[in-house]
Q: 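Dumping the structure here so I can ask a few things about it.
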Amino acid sequence: VAATIIDGAAQAARARAEVAAEVAEFLDMTGRPPGLATVLVGDDPGSAVYVAGKQRDCREVGIDPYDHRLPADATQEQVASLLARLNGEETIDGILLQLPLPAGLDSGVLTPMIDPDKDVDGLTPVSAGRLAQGLPGLRPCTPVGVIELLDAYEVELTGASAVVIGRSNLVGKPLAALLLERNATVTMAHSRTRELAALAARADVLVAAVGRPRLVGREWVKPGAAVIDVGITRGEDGLVGDVDFEAVAEVAGAVTPVPGGVGPMTRACLLRNTLRAARARSEIRISDGASGGRA
Ligand code: NAD
């Protein structure tokens with residue numbers, strides 16, 4: 001193995017410790033902990049596991065988790081009214097609507113109802129617009145985690161050729177925007193891209209966010225490139241990434257494993273986003289007070 005193995009678990013542990021210390025400071029200053037509301041609709045076991053994990057992560061760093069559940073046959077109006085209530089709740093700084101939603105509910109309609117200042121997943125159109133224009137706002141967790149990993153391993157981004165495979169609103173698009181913000185030359189690839197392997201092989205930074213086990217083979221990777229594997233597919237013997245790890249590790253300069261790469265960073269970044277939202281909201285309140293507005 002030539003490549004440096006990017007240790008997402010270790011990096012995430014450092015990030016969580018940092019957040020825990022800053023949450024304690026926030027509590028000191030404001031007299032309350034940051035709060036994250038999770039909304040789980042239906043009983044998809046995978047989603048339930050994710051939500052439980054996020055709540056556990058919160059408790060570990062001193063963020064208050066608020067658990068909200070609706071049955072699988074909940075109506076669009078019921079979910080909307082819950083979101084509206086959480087938008088108005090003082091103790092809630094972040095709202096996480098767990099996706100995918102059960103059939104019959106439209107995440108394209110419901111997600112935009114989340115107050116952008118509480119949009120810790122960074123998935124509302126307002127958050128996406130803020131990112132696209134380089135305005136301050138909450139960024140999606142997985143892309144932020146990817147950038148943090150690249151930074152932690154001192155991967156040069158300015159002027160680098162970055163290829164992102166996958167163009168979802170959750171990962172590919174926001175990650176491309178963040179890489180562009182960091183002055184990389186970004187190419188977005190997707191299911192209709194021609195000669196994808198050859199394109200990928202020109203990248204200094206290659207990110208796979210597809211969901212196809214071991215799509216990225218050794219010949220897709222430029223020697224010395226940093227390879228980030230976002231993909232997660234549940235296989236017979238555990239989680240499998242989009243990158244053929246053993247083969248790619250022989251040529252890449254650095255590569256993330258699955259599990260233990262991007263996944264833990266994504267979770268840590270959700271905590272950081274919740275803290276950021278809490279700080280921004282308490283500042284809004286302070287400036288409201290100073291101008292004689294609402295307390
Ligand atoms: P998505 O399903 O919304 O999008 C997949 C993208 O891959 C599409 O843009 C499509 O154009 C592209 N694609 C499909 N087949 C392709 C092919 N053969 N060649 C090139 N491109 C192809 O996916 P998503 O929500 O962005 O998630 C992608 C993967 O990342 C999934 O495996 C998901 O489970 C995983 N994921 C992991 C984390 C994490 O924390 N590690 C977070 C989010 C998503």
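Heads up: numbering here begins at 1 and tracks the sequence. First listed ligand is number 1; within each ligand, the first listed atom is number 1.
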Q: Could you tabulate the donor-acceptor pairs under 3.5 Å formed by side-chain atoms of residues 207-217, not counting sequence neighbours?
A:
none

Q: Is the closest basic N to carboxylate O distance between R69 and D67 below 4.0 Å?
A: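 Yes, charged N to carboxylate O under 4.0 Å.
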Q: Show me, by chain and number, every protein residue that has a heavy-atom distance under 4.0 Å to ligand 1.
A: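 Those residues closer than 4.0 Å to ligand 1 by some heavy atom are T142, I165, G166, R167, S168, L170, V171, H190, S191, L196, A209, V210, G211, R212, V230, G231, I232, V262, G263, T266.
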Q: Salt bridge check, R279 against E22: does any charged N sit closer than 4.0 Å to a carboxylate O?
A: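 Here E22 pairs with R279 in a salt bridge, since their nearest N and O are under 4.0 Å apart.
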Q: Between D119 and T124, does any side-chain donor sit less than 3.5 Å from a side-chain acceptor?
A: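 Note: D119 and T124 side chains meet the donor-acceptor criterion.
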Q: Are T38 and Y66 close enough that some pair of their side-chain heavy atoms sits under 4.5 Å apart?
A: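 No, side chains not in contact.
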Q: Evaluate whether atom CZ of R130 has more than 12 neighbouring non-hydrogen atoms of other residues, nucleotides or ligands under 6.0 angstrom away.
A: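 Enclosed: over 12 neighbouring heavy atoms sit under 6.0 Å from CZ of R130.
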